[in-house]
2 protein chains.
Amino acid sequence: MPRKNGPPATRQRVSIRDVARESGVSLSTVSNALSGKDCVTEKTRQKIEEVARRLGYRASGVARALRYGRTFTIGVLMADVSNASMPDFLRGIEDVADREKCSLLLCNTDDLIEKQLAHMRVLLERQVDGLVLVSQHCDSPEIRQLLDAGTPSVLLQRRSPRYKDDYVGADNREGMLSAIDHLVALGHKRIGLMRGPVQSSTATEKLEAFREAVASRGLDPDPGLIVQGNYLVEGGYQAASRLMDLPKRPTAIIAANDMSAMGVLNAASERGLSIPRDLSLVGWDDVELASFPFIDLTTLHLPKREMGAAAATLLMERIHKKRRVKTKEVILPIELMVRGSTGPAPGIRRRA
Amino acid sequence: MPRKNGPPATRQRVSIRDVARESGVSLSTVSNALSGKDCVTEKTRQKIEEVARRLGYRASGVARALRYGRTFTIGVLMADVSNASMPDFLRGIEDVADREKCSLLLCNTDDLIEKQLAHMRVLLERQVDGLVLVSQHCDSPEIRQLLDAGTPSVLLQRRSPRYKDDYVGADNREGMLSAIDHLVALGHKRIGLMRGPVQSSTATEKLEAFREAVASRGLDPDPGLIVQGNYLVEGGYQAASRLMDLPKRPTAIIAANDMSAMGVLNAASERGLSIPRDLSLVGWDDVELASFPFIDLTTLHLPKREMGAAAATLLMERIHKKRRVKTKEVILPIELMVRGSTGPAPGIRRRA
DNA sequence: TTGTATGCGTTATCAT
DNA sequence: ATGATAACGCATACAA
């Protein structure tokens, strides 16, 4: 029986057919036996299993996916895995995916909308069961169109300002208030904020909470105290430099995130400013290095792995059609980790 | 026409069939038109494209994979993406994968052989086109069996001591010698080595080069100067503590990697030892934080992204059957980044 | 209990 | 230029 069809599909893989032929039974019997159905004689099953093992048979996930209409695959889009928090988000997603027998297809977008679009198209073509986006870009029309194409999706850490999606984030407002209250308790009144990128929804939330606190706690409302950062070390350095070179320097800085806080440390050491004696510093995210004794950064702990897991859980609900229309948001608490980078404001007596 | 087949495969997706029906042509014509064959009238093509767009048609990667016998997917196995070097390896792999229209399935093994086995089985079932392993476990019989099952694979950063595989690594011997020569030039004679895990092939290579150098450079051969580390901060702390509490402390330490070097910094600050005045420190990997001004760690730069790319390139050669049997090794150069954590040995005049 | 037939969506071959 | 068909590997409904 010569193959009549085209060159592709070289048919080198051992398939259920080979097992059937070799064990002298039919396809379905093999299928039944191997998937543990009870309608197969123990003897037949034994035989089949032996043959399968001998031939090194391994069911084709591709064929299965085609048949089931499910790939047991989840696509993950993030700007850059190399960014400190990303691996933890990823691990959280994986925790749940593993449990649900799903694998992860990972794509880096480098924060480029075009790259994200291309990746999304590929992922949808691959028929992933769902999509997790840790991305600033969830608002452009093309992306919305793909998002609405029917494949479940969930936003993690960054949300769309204009649309209502399934979303997992952290309580940034609470975080900001607790940071400020901590600083206020230490006597700080002139607090600088390094805000994150304008497209970042979390940056916006933090900024709003900051303004709210400035008003309600009676802090110095000088708009010069709010500078632009970008979540990177270098951006943190530049932003911090602007704050430090202000005619009247803030006594404390809240960085856009831990990485930009590193930039602040650089800027401070350059100017011979001692932290926390001359300047208190609060980070955001609580990445691993924040807890190193020689860094010892006071920061807001983002439960990254838990957030990833929560996102994946939301996604699985959709995939299992447990929830069809109503969107859901999960906001996880955020905790201030008080470490050594914050101290009494200069000129304030200890235990003020 | 009621569906007769089983419950799965719900048939909700718009397929090439729908496009064919809607545009009043046959399946093959749609396929030809959409895949840019020239045997289609321009008018027909227009029509088909319009319909496809209108219906939101997207070809099924799964069906294609079944048909082609290729999934355009590469499986990546690593102990833990959260480890500092992993994201860079991953990016390198992705660089090449993107170019080759492949996506990455990422699996964390947590360095557990059972987990790795399970993931490998899943990946092979999914019919990935190839496998990249950044894993200590490539030597157990079960794993070898899967590795030899026909799917191309390449080892990255860690190799098998017993088997010859496609492999990409760095020139660890050169790295170690350059580190030692740097220290020797600074007057160090009593150098401590924190070796990596025993299963780590790179750790072994470094250790051998260290011993070679101790002999050839006439360094203190005290076996107590070699302690066990584990690539983690805490392990580095403990190992460094042992070295520092030696009756006669080394004047320099070469850490297992940058993370354990952080542990050394912790141990040093705990003992009030100043680096590099009392103790010189060399790391390994050159992760981002090594270059932060307030850390400023002298370390060996591992070209991680390039290594990942080289591994993926090797893999693609196999996938494209450019190379069938002969295994290939790529050893990338490693470069000493001299920063502030190394200085003259105590008791040595400056500019010794 | 076991075998036969069908379809998942695609594309290459072959016929028209 | 276009259409009919088979095959990739699997799982199921149904018949024997």
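Naming: A, B, ... by sequence-line order, numbering from 1 per chain.
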So, does B/Ser23 use its side chain to make a donor-acceptor pair with the main chain of B/Val25 at under 3.5 Å? no

Write down the distance between CZ (B/Arg67) and P (C/dT10), rounded to a whole number of angstrom. 13 Å

Of the candidates D/dA11, C/dT11, D/dG9, the side chain of B/Tyr68 sits closest to C/dT11

CG of B/Asp18 versus P of C/dG7: gap in Å, rounded? 15 Å

Looking at B/Arg64 and C/dT10, is any side-chain donor or acceptor paired with a base atom of the opposite kind under 3.5 Å? no

Where along residues 24-46 of chain A does a heavy atom fall under 4.0 Å from DNA chain C? A/Val25, A/Ser26, A/Ser28, A/Thr29, A/Cys39, A/Val40, A/Thr41, A/Thr44

Identified side-chain hydrogen bond (donor to acceptor under 3.5 Å, both in side chains) counterpart of B/Asp166 within the set B/Arg323, B/Lys326, B/Lys328, B/Arg159: B/Arg323

Test your reading of the model: is there a side-chain donor-acceptor pair from A/Ser35 to the backbone of A/Ser31, 3.5 Å cut-off? yes

Take the protein atom NZ of B/Lys47 and the nucleotide atom C1' of D/dT2, then report the distance between them rounded to whole Å. 16 Å

Length of the line joining A/Arg21:CZ and D/dG9:C1', which is rounded to integer Å: 13 Å

Listed in order of residue number, which residues of residues 51-60 of chain B have a non-hydrogen atom at under 4.0 Å from DNA chain C? B/Tyr57, B/Arg58, B/Ala59, B/Ser60

Would you list the pairs meeting salt bridge (Lys or Arg N to Asp or Glu O under 4.0 Å) in which at least one residue belongs to residues 100-111 of chain A, sequence neighbours left out? A/Asp110-A/Lys115, A/Asp110-B/Arg91

For the side chain of B/Arg318 and the backbone of B/Arg324, is there at least one donor-acceptor N/O pair under 3.5 Å apart? yes

Interatomic distance, A/Arg17 CZ vs D/dA6 C1' [rounded to whole Å]: 12 Å

Flag, side chain of B/Arg70 to backbone of B/Ala65, donor-acceptor distance under 3.5 Å: no

Over how many whole Å does the gap from A/Arg70 atom CZ to D/dA11 atom C1' extend? 16 Å

Taking all atoms of both residues into account, what is the closest heavy-atom pair of A/Val81 and B/Pro87, and its distance? O-CB, 3.6 Å

So does A/Gln145 have more than 12 non-hydrogen atoms from other groups sitting under 6.0 Å from CD? no

If I take atom CD in residue B/Glu125 and atom C1' in nucleotide D/dG9, what distance separates them, rounded to the nearest angstrom? 12 Å

To the nearest Å, how far apart are A/Leu66 CG and C/dT6 P? 18 Å

